[in-house]
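Quick note on labels: first sequence line is chain A, next is B, and so on, each numbered from 1. Because the structure is predicted, anything quoted here is derived from the model rather than measured.
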There are 2 protein chains.
Amino acid sequence: MFKTVKNKKICEEILEQMKELLVSGHLTVGQRIPSEIELSETLGVSRSSLREALRVLDVLGIIEAKTGDGTFIKEAKMENIGNIMTLVALSKELETSDLYEVRIILESYAASLAAERRSNEDLAIAKKYLLKADNGSTGEEGSLLDHLFHSSVIKASKNNVLVMLMDMISGLLSEQIKSTRTLFSSSAELMELIQKQHWEIYDAIEQQKPLEAQKKVFDHLNNAKIIINLKQKS
Amino acid sequence: MFKTVKNKKICEEILEQMKELLVSGHLTVGQRIPSEIELSETLGVSRSSLREALRVLDVLGIIEAKTGDGTFIKEAKMENIGNIMTLVALSKELETSDLYEVRIILESYAASLAAERRSNEDLAIAKKYLLKADNGSTGEEGSLLDHLFHSSVIKASKNNVLVMLMDMISGLLSEQIKSTRTLFSSSAELMELIQKQHWEIYDAIEQQKPLEAQKKVFDHLNNAKIIINLKQKS
DNA sequence: AAGTTTTGTTTGTCAGACAATCCAATAAAC
DNA sequence: GTTTATTGGATTGTCTGACAAACAAAACTT
């Protein structure tokens, strides 16, 4: 019946104004915004309050402040967004199993898209990592190559939302993924199996077979999941 | 060969520390953090710098600052984050088509999980919205019921990661979804079709048929996508 | 004309101050 | 004894002023 009285902080009001200016197109990428002193006088607020608002936009990657030069509207990059999302996701209690479930579904779908949309360049990048891994890779290097291969597949999907979400989920699962990798690296057979599966995924994408690529990734990740569960129980 | 020297701002270093504390579980929801003065002395930074970091967490909904009381860890709600994410998405790197693509895959997968895991309570909630919509609903009310039904299906999946991601994506797509709904509401035939599809989805979940539920949602959302494209071209 | 220095501007950080607000302990009233 | 008022301390919100660091452009030197 009664609405809660909004006790908005100054910084939040500034953010709303900035948002409107961005939506309306009055602020475009690359443009320089007035100096902090000038803006604070225009808005009728202190420099501190204005800076708190600007800092938010800075962390979100919407603006870039250059010392001694000025502040400019920037194009937000995926990495930044993924970082922020990770931060937000941390304050929620997310089950690792739920995360892995979503990872499997998104990554296998990314593979199917990759099979449709991959460029020759995408293939070359993915192949490079696989060849390196073929020449024997252990420990951290192997773990890195594994991650790079999976990333290259996702990027080949050409869907930036997928890239962002997978960045985020990988970040949240990083500990689990690392321990998985070290678990695997203890067994030469498992390592060979993984590498074989990677090549099968690559082939499916190279030959532009979406459904096959999707299934290969799905099975690949599910394998890992099953093995983890087995090891944990034992 | 050489890496760019990172000239990290104090505020960003504080944010990283907070992130680690959240990851490690030293900070839990509801907990109170030290006062600004105390924290600034502990960290060896000025109160201003600390406040800039805290303000970022505040806007992201990770903490809540209460004047005269203190600052507390809060569970970030995705609804609020949607606001922030739209700000970020304004840089247009997130294509609407990419978002919709991911929405379809996640929501249809959520339906398959819902078919496996739904409780009777989940069913009752979903059914309630459908019955209301049956009794004729127009304009905003219909739009709301539509959203509520889709939400109830996702919640029935019992995967909080899915719930979170779909909240976020819905927030980013909110404008598009609204316009879609108003488009549809102009045609009684389309409205009936949508409602029929909703019931089919419900039945599949009620009868615990994962694959069917998944396909129904997939087709349902793809239908909407196709119709949007047609209307836009005409 | 080219290179160097200077100067002014802008962001980054700090310190201090005061108002607004809340919690709790204390005092007062019943 | 219980309830209500008052008070005081603590905390966040905001403002002001100051200085350092870094950059760009103007002024200067060669």
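- The interatomic distance linking B/L54 (CG) with D/dT11 (P) rounds to 14 Å, in whole Å.
- In this view, B/T28 and B/Q31 satisfy the side chain to side chain donor-acceptor pair (under 3.5 Å) rule, not counting sequence neighbours.
- Whole-Å rounding puts the A/E64 CD to D/dA22 C1' distance at 14 Å.
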Indicate every side-chain donor-acceptor pair of residues 55-73 of chain B with a distance under 3.5 Å to a residue at least two apart or in another chain.
| from | atom 1 | to | atom 2 | distance (Å) |
| --- | --- | --- | --- | --- |
| B/R55 | NE | A/E52 | OE1 | 2.9 |
| B/R55 | NH1 | B/D58 | OD2 | 3.0 |
| B/R55 | NH2 | A/E52 | OE1 | 3.2 |
| B/D58 | OD2 | A/K9 | NZ | 3.4 |

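- Partners of B/A224 under the side chain to side chain contact (heavy atoms under 4.5 Å, CB included) rule, at least two apart in sequence or in another chain, are B/Y100, B/F184.
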For residues 102-109 of chain A, tabulate all N or O donor-acceptor pairs below 3.5 Å that involve a side-chain atom, not counting sequence neighbours.
| from | atom 1 | to | atom 2 | distance (Å) |
| --- | --- | --- | --- | --- |
| A/R103 | NE | A/E107 | OE1 | 3.0 |
| A/R103 | NH2 | A/E107 | OE1 | 3.4 |
| A/E107 | OE2 | A/H150 | ND1 | 2.3 |
| A/S108 | OG | A/I104 | O | 2.7 |
| A/S108 | OG | A/I105 | O | 3.2 |

For nucleotides 7-15 of chain C, give me one character per nucleotide, 5' to 3': B if any protein heavy atom sits under 4.0 Å from the base, S if the only such contacts are to the sugar-phosphate, - if neither. --BBBBBBB
Expected list for residues 10-18 of chain B: side-chain donor-acceptor pairs under 3.5 angstrom, two or more places apart:
| from | atom 1 | to | atom 2 | distance (Å) |
| --- | --- | --- | --- | --- |
| B/E16 | OE2 | B/K8 | NZ | 2.8 |

